[in-house]
Amino acid sequence: MTAPLLQALLEGFYALCGLLALDAAVRAWRTGLGGRGTGLFWGLFGLLFLCGGLLPPALVGALLLVLGGLSALGRVRPVGAIAPSPARKPPGRLLLIPALALGASAFLLALLAPGEPRGGLVGLGAGALFAALLALLVTRARPAELLQENARMLGLMGPAGILPQLLAALGALFAAAGVGGVIAQALSGLLAPGARLAGAAAYCLGMALFTAVMGNAFAAFAVITAGIGIPFVLDQGADPALAGLLGLTAGYCGTLLTPMAANFNVVPAALLETASRQRVILAQLPVALALLAAHIALMYFYAF
Amino acid sequence: MIRLLGVVLVVAGFLLGVDTIAVVLGAGLATGLLAGLGLEETLATLGRAFVEARYISLFLLSLPAIGLLERYGLRERAAEWMARLAGVTAGRVLGIYTLARGAAAALSLRLGGHVQFIRPLVYPMALGAARRRHGTLEPAEEERLKGLSAAVENYGNFFGQNLFVASAGVLLVVATLAERKIAATPLAVSRAALPVALMAGGLALAQCLLFDWRLRRGRKPR
């Protein structure tokens with residue numbers, strides 16, 4: 001598949017996401033379930049997906065503030081009318097086919113465009129459509145039930161569903177304001193060059209800390225490696241391949257600890273309907289801290 | 001240093017349990033304005049990045065299929081399958097998933113995900129296995145099982161992916177070092193991921209088995 005085709009397909013999937021959100025919005029508005037605020041929330045979100053690229057960016061930003069206001073005022077509530085359970089259920093083994101096809105087809109389609117990150121995304125979208133089709137065949141449900149279930153699942157996620165995207169936008173703003181440089185500077189001010197253990201600890205902790213702030217280790221890596229990793233670890237004679245990779249995965253330990261990494265920590269909590277919003281982070285806390293300590297030890301004993 | 005105010009707002013907001021979306025937008029506004037971007041440019045930066053990041057929300061497209069399968073009983077069936085297998089425990093289900101997820105990530109296979117696997121299959125299977133042994137779980141136990149089920153997806157994904165030579169993380173390390181005229185081959189960088197991958201796998205398995213042990217403690221096996 002060529003790059004323009006992939007881009008076109010991707011835009012199509014974005015539009016479809018927008019239409020699904022708009023459908024959920026109309027259902028919320030019509031049934032009055034969850035209140036008008038819920039309809040407005042998903043309606044605006046759908047609009048941003050459908051034609052966000054055509055609107056002036058400042059207007060998009062202003063609409064995001066409206067979404068934030070609705071969420072802050074508690075106006076966004078679950079939408080899905082719980083439909084009565086269907087009388088006739090298909091054999092369980094059949095239900096497994098669409099569920100597995102969702103993952104497998106995403107993977108197979110990504111193979112059609114190797115080395116192209118959009119290939120994976122198009123695979124994800126096409127896999128979702130394929131799985132929806134298979135699910136309709138297996139359950140013999142009416143297509144309208146798909147939309148009804150979409151509204152139920154969106155309502156279940158609530159505002160947490162749009163959080164990953166919003167946090168990516170905040171990360172961009174942090175980057176534009178030069179937040180990373182300030183953190184790297186503050187940490188490196190505490191260090192004396194030549195102290196290897198302190199250097200390894202500062203690099204790993206700096207990566208974990210700044211990743212926790214940005215929600216994304218990739219965004220942290222260039223800044224912290226330039227500010228701390230190179231002067232205090234690599235220039236002191238550490239093996240660059242080892243120290244570099246350990247720096248990156250020390251950042252992943254930070255990802256396990258932060259609500260800023262909403263797609264890994266907050267959305268799953270919403271999906272599993274946990275009582276505490278921070279349940280996933282709490283579960284990951286001991287493993288992340290132990291691994292972070294292991295990173296510092298590995299960098300000190302193994303990379304030097 | 002005043003630029004860090006946005007960061008402080010985020011941390012304080014999360015700790016105090018203020019509405020997350022409002023916190024994020026407030027921190028964004030504060031950061032942009034304090035950095036001297038002005039209101040319009042701050043909003044535009046937010047808006048532009050939000051639209052560019054639409055790919056992150058593509059997982060929403062799988063919700064209709066997953067929802068429909070759930071309505072027709074996928075989660076109950078997944079629990080029933082586990083109830084029929086002898087020797088299966090919640091910790092073992094999650095431990096096996098961690099290893100499989102890590103291995104798939106190491107081969108760069110995009111098999112996994114909280115929406116695709118954890119909610120519809122893995123968590124119900126783990127819950128089914130736990131109920132088979134111990135009957136109904138306490139709400140606090142179910143809550144911890146939910147946390148662990150979501151966590152194992154992250155463990156496998158994060159610490160397996162860089163074993164793949166051309167993974168995004170490995171290429172980022174190589175490119176960042178190359179910018180500073182420091183040479184490192186992708187093969188050497190991905191090999192460096194092995195010790196951490198083994199440790200993460202060991203810690204994850206230990207956490208899963210510890211969950212089983214805590215469930216067993218104070219109960220009689222049925």
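Values reported hereafter were calculated over all heavy atoms of this structure, with side chains retained and with hydrogens, waters and symmetry mates removed. Remember, it's a predicted structure, so these values are computed and weren't measured experimentally. Numbered from 1 within each chain, the chains take letters A, B, ... in sequence-line order.
For Tyr72(B) and Glu145(A), the side-chain atoms include at least one donor-acceptor pair closer than 3.5 Å.
Here the straight-line distance linking atom CH2 of Trp81(B) with atom CG of Leu96(A) works out to 4.5 Å at 0.5 Å rounding. With rounding to the nearest 0.5 Å, the separation of CG in Leu95(A) from CD in Glu76(B) is 9.5 Å. Atom CG of residue Leu46(B) and atom CG of residue Leu173(A) lie 5.0 Å apart, to the nearest 0.5 angstrom. The distance from atom OG1 of Thr139(A) to atom CG of Leu69(B), rounded to the nearest 0.5 Å, is 7.0 Å. Remark: Leu64(A) CG to Ile21(B) CD1 distance equals 9.5 Å, nearest 0.5 Å. To the nearest 0.5 Å, the span separating CZ on Arg77(B) from CZ on Arg93(A) amounts to 9.5 Å.
Contact record, Gln165(A) with Ser57(B): OE1-OG, 2.6 Å, taken as the closest heavy-atom pair. Here the shortest heavy-atom pairing between Leu20(A) and Pro64(B) reads CD1-CG, 4.1 Å. Annotation for Ala150(B) and Pro268(A): closest pair CB-CB, 3.9 Å, computed over non-hydrogen atoms. Residue Gln207(B) comes nearest to Ala283(A) through the heavy atom pair NE2-O, 2.7 Å, listed as atom of the first residue, atom of the second, then distance. Heavy atoms only, all atoms of each residue included: Pro195(B) and Leu298(A) are closest at CB-CD1, 4.1 Å. Taking every heavy atom of both residues into account, Ala65(B) and Ala131(A) meet most closely at CB-C, 3.9 Å.
Between chain B and the residues Gly53(A), Pro56(A), Gly125(A), Ala62(A), the most heavy-atom pairs under 4.5 angstrom are made by Ala62(A). Note on Ile66(B), Leu172(B), Val115(B): by heavy-atom pairs under 4.5 Å with chain A, the leading option is Leu172(B). The residue among Asp239(A), Leu170(A), Leu242(A), Leu282(A) with the most heavy atom pairs within less than 4.5 Å of chain B is Leu170(A). For the set Phe174(A), Tyr252(A), Phe13(A), Tyr302(A), the count of heavy-atom pairs under 4.5 angstrom toward chain B peaks at Tyr252(A). The candidate with the highest count of non-hydrogen atom pairs below 4.5 Å against chain A, out of Ala44(B), Ala35(B), Gly36(B), Gly28(B), is Ala44(B). Ranked by heavy-atom pairs shorter than 4.5 Å toward chain A, the options Leu121(B), Leu177(B), Asn162(B) are led by Asn162(B). Comparing Glu41(B), Arg48(B), His114(B), Glu143(B) by how many heavy-atom pairs each has under 4.5 Å with chain A, the most go to Glu143(B). For the set Val266(A), Val280(A), Val287(A), the count of heavy-atom pairs under 4.5 angstrom toward chain B peaks at Val287(A). Chain B forms the most heavy-atom pairs under 4.5 Å with one residue out of Arg277(A), Met214(A), Met260(A), Met153(A), and that residue is Met153(A). Counting heavy-atom pairs closer than 4.5 Å to chain B, the top-ranked of the candidates Ile230(A), Ile281(A), Thr225(A) is Ile230(A). With respect to chain A, the highest number of heavy-atom pairs below 4.5 Å among Arg54(B), Lys146(B), Gln116(B) belongs to Arg54(B). Looking only at heavy-atom pairs under 4.5 Å with chain A, the residue among Leu148(B), Asn154(B), Thr42(B), Val51(B) that has the most is Asn154(B).
When heavy atoms are compared at a cutoff of 4.5 Å, Leu55(A) does not approach chain B at all. At a 4.5 Å heavy-atom cutoff, the contact between Val267(A) and chain B is made by side-chain atoms alone. Within the 4.5 angstrom heavy-atom criterion, no atom of Thr258(A) approaches chain B. Residue Phe59(B) touches chain A through both its backbone and its side chain, counting heavy-atom pairs closer than 4.5 Å. If you measure heavy-atom distances from Glu273(A) to chain B, the contacts under 4.5 Å come from both the backbone and the side chain. Contacts between Ala99(A) and chain B at a heavy-atom distance below 4.5 Å involve backbone atoms as well as side-chain atoms. The contact between Leu37(B) and chain A is made entirely by side chain atoms (from C-beta outward), counting heavy-atom distances below 4.5 Å. When heavy atoms are compared at a cutoff of 4.5 Å, Val10(B) approaches chain A solely by way of its side chain, counted from C-beta outward. Contact of Leu43(B) with chain A is made through backbone and side chain together, with heavy-atom distances under 4.5 Å. Within the 4.5 angstrom heavy-atom criterion, no atom of Leu63(A) approaches chain B. At a 4.5 Å heavy-atom cutoff, Leu134(A) makes no contact with chain B through either its backbone or its side chain. Looking at Ala166(B), neither its backbone nor its side chain comes within 4.5 Å of chain A, counting heavy atoms on both sides.
Annotation: side chain of Glu70(B) is not in contact with side chain of Glu149(A) (no heavy-atom distance under 4.5 Å). Contact of the Leu65(A) side chain with the Leu29(B) side chain is registered, since non-hydrogen atoms from C-beta on lie closer than 4.5 Å. Side-chain contact check for Leu61(B) versus Leu124(A): every heavy-atom pair is 4.5 Å or farther apart. The side-chain heavy atoms of Arg152(A) and Leu63(B), taken from C-beta on, include no pair separated by under 4.5 Å.
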side-chain contact (heavy atoms from CB on, under 4.5 Å), that's the test. Do Leu234(A) and Ile182(B) meet it? Break it down for me.
CA-CA 9 Å; Leu234(A) 294 190; Ile182(B) 300 170; 3.7 Å; yes
Using the side-chain contact (heavy atoms from CB on, under 4.5 Å) rule, take Leu291(A) and Leu203(B) through it: C-alpha gap first, then chi angles, then the decisive distance, then the call. CA-CA 8 Å; Leu291(A) 268 181; Leu203(B) 284 171; 3.7 Å; yes
As a quick check of understanding, evaluate side-chain contact (heavy atoms from CB on, under 4.5 Å) for Phe159(B) and Cys253(A), giving each step before the final call. CA-CA 10 Å; Phe159(B) 298 103; Cys253(A) 297; 4.3 Å; yes
Evaluate Glu153(B) against Phe264(A) for side-chain contact (heavy atoms from CB on, under 4.5 Å), listing each step before the verdict.
CA-CA 9 Å; Glu153(B) 160 71 28; Phe264(A) 298 118; over 6 Å; no
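More than 12 non-hydrogen atoms from other residues, nucleotides or ligands lie less than 6.0 angstrom from CD of Glu11(A).
Between Tyr55(B) and Tyr14(A), the gap from one ring centroid to the other reaches at least 6.0 Å.
Ring geometry for Phe45(A) against Phe50(B) counts as perpendicular: the plane angle is over 60°, on a 0 to 90° scale with 30° as the lower cut.
Put simply, the side chain of Gln278(A) never gets that close to the backbone of Phe14(B): no donor and acceptor are under 3.5 Å apart.
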